[in-house]
Trainee: 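Below: one structure in structure tokens.
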Amino acid sequence: MGTALVYHEDMTAARLLWDDPECEIECPERLTTALECLQQQGLEQRCLRLAAREASEAELGLVHSPEYVALLRGTQALGTRELQALSKQYDAVYLHPVRALADPPPSHTSGTCACSRPALPCAVPCWLPLQSTFHCARLAAGAALQLVDAVLTGAVRNGLALVRPPGHHSQRATANGFCVFNNVAIAAKHAQQQHGLRRVLIVDWDVHHGQGIQYIFEDDPSVLYFSWHRYEHGHFWPHLRESDADAVGRGRGLGFTVNLPWNQVGMGNADYVAAFLHVLLPLAFEFDPELVLVSAGFDSAIGDPEGQMLATPECFAHLTQLLQMLAGGRVCAVLEGGYHLESLSQSVCMTVRALLGDPALPLSGPMEPQGSALESLQRVRAAQAPHWVSLQQQGAAPVLSPGTPCPEGRPSPLPPGEPEFKAAVTQAADALSVLLEQLHLHPTPPIRVAAALTVPDAGRALPLGVLCEEGSLPREEAQAWARPRETLAQDEALAALGKVLYLLDRILDGQVSSGMAATPAPAAAATLDVAVRYGLSHGAQRLLCVAVGQLDRPPDLTDDGRNLWLNIGGKEATAPSMFHVSVPLPVTTGGFLSCALALVLPLAYSFQPDLVLVALGLAHGLRDPQAALLAALLRGPAGGRVLALVDEESTPQLATVLASVLNGEAPPSLGPFSMATPEDTQALMYLRPRLEPRWKMLQRLLECCDLAA
Ligand code: Q9C
Ligand code: ZN
């Protein structure tokens, strides 16, 4: 199951033909540069290339009024000056004529032609590429439709449509903010009407509010629309009251519009990941979409003149990976904004890498959300709490009054030309060159998953593409790591340990990204104990161990900051600390999701491990889909360096599904959502405030804002 890349070069034809500083950033080079970058990094070649088709007028009519479509059709008869006048009737829109070139390009001769392009009012010869905004905008919408069709027919698992003009600001009868037809909204309606989908999630990570999408679906409970956006208490375009967190939808659609306004510029990786963990993903898992559409604007990335945010390109790989936990991995990303060509291109590449299943580069920078971001997260959680069970589980959130200023020095927006603006541009350039260096220093390991199994035949159950590892550390060497008088004295346990350590070596030296190994039941704890010590002495700088079930923490581990031990459903820690955390096994799917999203991942993203061990002890108690989701989620924080240890007596399906998620496949559905039990909730409510001072991604609100409210 592959990744589609939908594109058509005609979409580079439309450009701004008059002087308008507001619109000039939306240029054809946005597409050509992104595509070149994909080719250079060898990513385009790994995708299924699809040529975009034009959306039909009936398809445009899924969202737009017939009069509006007719008006746009009519623009094909207009000249440049008339189009300039018409453009002025909209906010931040330009339209391009059918034909801007004075002379036909020399490469073309008219000759005889069998093409069936419908006659146009101004008789463009059929050998000349159509350049009209109408044509480009129909291709943009058609590209989104084609992508959705490719995913929903099973031709590919996911994909990206590289399109211009963008769509999310466009409304039923109006163009707005460079957008002509609402590509993603049309694709969502199409998915429902042509493929019978009942629940579609739209994630709008563009830095602007996609008010067009919001208006189209605001009373529709079958489409959950999430948007974060630069807002600055309404001072940022499009200056709408309904972009704030308290706009939650209308009528039957109450709670199906989720707005996360950023009231400061400078939001970075920690803020974006926190928004996903604490707002979007709890709601999205409860919603249980059948398809995820992404309004993938990259003006929310570092260096963008519009967004002035600080998230680095690899952040989009993490966001993409997180979204693939939903809807069986059916994620369709459609380009919206993004105006810093280098940042845009790198971010597009990171998104495609994640869609292809490659591990994400670890996130750079301190993983600590900003005060203003926490305040925004808090406000949207409070506004949505009445509509979502998963937000009610952890105590009613206090409602913050709108406009609470956060007494904290934060960068204010930068006017171009100021020295600070130049500094921001330099900062972006630095971040991008560091990223290129990272890609160079840490190339994607040649092998994505290697599995070591004890049962001789078990290799047959491995998913396609997973290497069955036969290598092993010499017996004496493995034995030297075992503690005296232990279960590891058994022959087969020692053989299994040798394989585990061999796998660890290959992960630590960058040959293999992830590993999966089976261990004989009685030796599970002893094997994990050795694996932790071996990892720490063979190059792991920070090792996170997530142990599920009765697995004791190695007695000689110290709180030296190099290891973090998290036990789920085992014995309660006798001396809990910031580096030794134990939590009871959650009972329901809701409890499990809270544990994963509100505890495990925030801890993991804060700790920034370079190696994760996930161990499932005997009778660990997680259901296979839960274990798979946990392992899949833990790929993010460690840049894919995950070693999963399973009991050889657990189901053969468990080994298979773990290998497949470590290989980048989507985890299976958890089944119907059920609310967390009070016990599940209490455990988290007890732990989180104790751990927050050290592990900042756990934070959901900043005390100072709380007090100010
Ligand atoms: N100074 C997209 O990113 N200009 N559209 C706002 C603020 C319009 C952005 C002016 C920005 C439109 C798809
Ligand atoms: Zn935008």
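Keep in mind that this is a model prediction, so the values were computed, not measured. Throughout, residue positions are numbered sequentially from 1 according to the sequence presented. Each ligand, and each atom within it, is numbered from 1 in the order the structure gives.
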Trainee: By atom name, which N, O or S atom of D206 is the nearest to the Zn ion (ligand 2)?
Mentor: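 It is OD1, the N, O or S atom of D206 closest to the Zn ion (ligand 2).
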Trainee: Which atoms of ligand 1 are found less than 4.0 Å from any heavy atom of G177?
Mentor: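 Per the distance check, 2 (C), 5 (N), 9 (C), 12 (C), 13 (C).
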Trainee: Using a strict cut-off of 4.0 Å, indicate which atoms of ligand 1 neighbour a heavy atom of P166.
Mentor: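 Within the 4.0 Å cut-off of P166, ligand 1 contributes 13 (C).
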Trainee: For the ring pair W388 and F285, is the centre-to-centre distance below 6.0 Å?
Mentor: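 Not close enough - the centres of the two rings lie 6.0 Å or further apart.
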Trainee: Only heavy atoms of Y339, strictly under 4.0 Å: list the atoms of ligand 1 that pass.
Mentor: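 By the 4.0 Å cutoff, the relevant atoms are 2 (C), 3 (O), 5 (N), 9 (C), 13 (C).
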Trainee: Any sub-3.5 Å donor-acceptor pair from Q84's side-chain atoms to W18's backbone N or O?
Mentor: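 Between the backbone of W18 and the side chain of Q84 there is no qualifying donor-acceptor contact (under 3.5 Å).
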Trainee: Are W205 and Y272 close enough that their ring centers fall under 6.0 Å?
Mentor: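 No, they do not, as the ring centres are separated by 6.0 Å or more.
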Trainee: Side-chain donor-acceptor pair under 3.5 Å between Q41 and R353, yes or no?
Mentor: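 A pair is found: one side chain offers a donor N or O, the other an acceptor, under 3.5 Å apart.
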Trainee: Can you confirm whether the side chains of D206 and S300 place a donor and an acceptor under 3.5 Å from each other?
Mentor: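 The criterion, which ignores hydrogens and geometry beyond distance, is not satisfied for S300 and D206.
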Trainee: So if I count the atoms of ligand 1 from 1 in the order they appear, which ones are less than 4.0 Å from some heavy atom of A92?
Mentor: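 Answer for ligand 1: 8 (C).
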Trainee: Can you list the atoms of ligand 1 that are under 4.0 Å from a heavy atom of D299?
Mentor: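 The atoms of ligand 1 under 4.0 Å from a heavy atom of D299 are 3 (O).
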Trainee: Which of the N/O/S atoms in D299 sits closest to the Zn ion (ligand 2)?
Mentor: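 Checking each N, O and S atom of D299, the shortest distance to the Zn ion (ligand 2) belongs to OD2.
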Trainee: With heavy-atom distances below 4.0 Å as the criterion, list the atoms of ligand 1 near H168.
Mentor: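 Result: 13 (C).
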Trainee: Quick check: does any side chain N or O of N182 sit under 3.5 Å from a backbone N or O of S170, one acting as donor and the other as acceptor?
Mentor: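 Yes: the side chain of N182 pairs with the backbone of S170.
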Trainee: Just which atoms of ligand 1 are under 4.0 Å from any heavy atom in G337?
Mentor: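 By the 4.0 Å cutoff, the relevant atoms are 3 (O), 13 (C).
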Trainee: For residues Y68 and V180, determine if any side-chain heavy atom of one lies less than 4.5 Å from a side-chain heavy atom of the other.
Mentor: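 Result yes, sub-4.5 Å side-chain heavy-atom pair found.
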Trainee: Is it the case that the side chain of Q324 and the backbone of A354 share a donor-acceptor pair, with hydrogens and angles ignored and the cut-off at 3.5 Å?
Mentor: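 Yes, Q324 side chain to A354 backbone: donor-acceptor pair under 3.5 Å.
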Trainee: Spell out, as yes or no, whether a donor-acceptor pair under 3.5 Å connects the side chain of Q211 to the backbone of L240.
Mentor: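 No: the side chain of Q211 does not pair with the backbone of L240.
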Trainee: Identify the closest protein heavy atom to atom 10 (C) of ligand 1: which residue and atom is it, and at what distance?
Mentor: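 Ranking protein heavy atoms by distance from atom 10 (C) of ligand 1, first comes E22 OE2, 3.3 Å.
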Trainee: Could you tell me whether the side chain of R230 and the main chain of E306 form a donor-acceptor pair under 3.5 Å?
Mentor: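 Indeed, once roles are kept as given, a pair shorter than 3.5 Å links the two residues.
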Trainee: Is the distance between the Zn ion (ligand 2) and the nearest N/O/S atom of E306 smaller than 2.8 Å?
Mentor: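 Short answer: no, not a single N, O or S atom is under the cut-off.
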Trainee: So, of the N/O/S atoms that H208 has, which is the nearest one to the Zn ion (ligand 2)?
Mentor: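 This turns out to be ND1.
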Trainee: Does the residue E26 have a heavy-atom contact with ligand 1, meaning some pair of atoms that are separated by less than 4.0 Å?
Mentor: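 No, E26 has no heavy atom closer than 4.0 Å to ligand 1.
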Trainee: Name the closest protein heavy atom to atom 1 (N) of ligand 1, giving the residue it belongs to and the distance to 0.1 Å.
Mentor: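 Heavy-atom neighbour on the protein nearest atom 1 (N) of ligand 1: E306 OE2, 4.4 Å.
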Trainee: To check your reading of the model: name the closest protein heavy atom to atom 6 (C) of ligand 1, its residue, and the distance in Å.
Mentor: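 That would be W237 CG, 3.4 Å.
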Trainee: Go through ligand 1 atom by atom and flag the ones less than 4.0 Å from a non-hydrogen atom of D206.
Mentor: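 The list of qualifying atoms is 3 (O).
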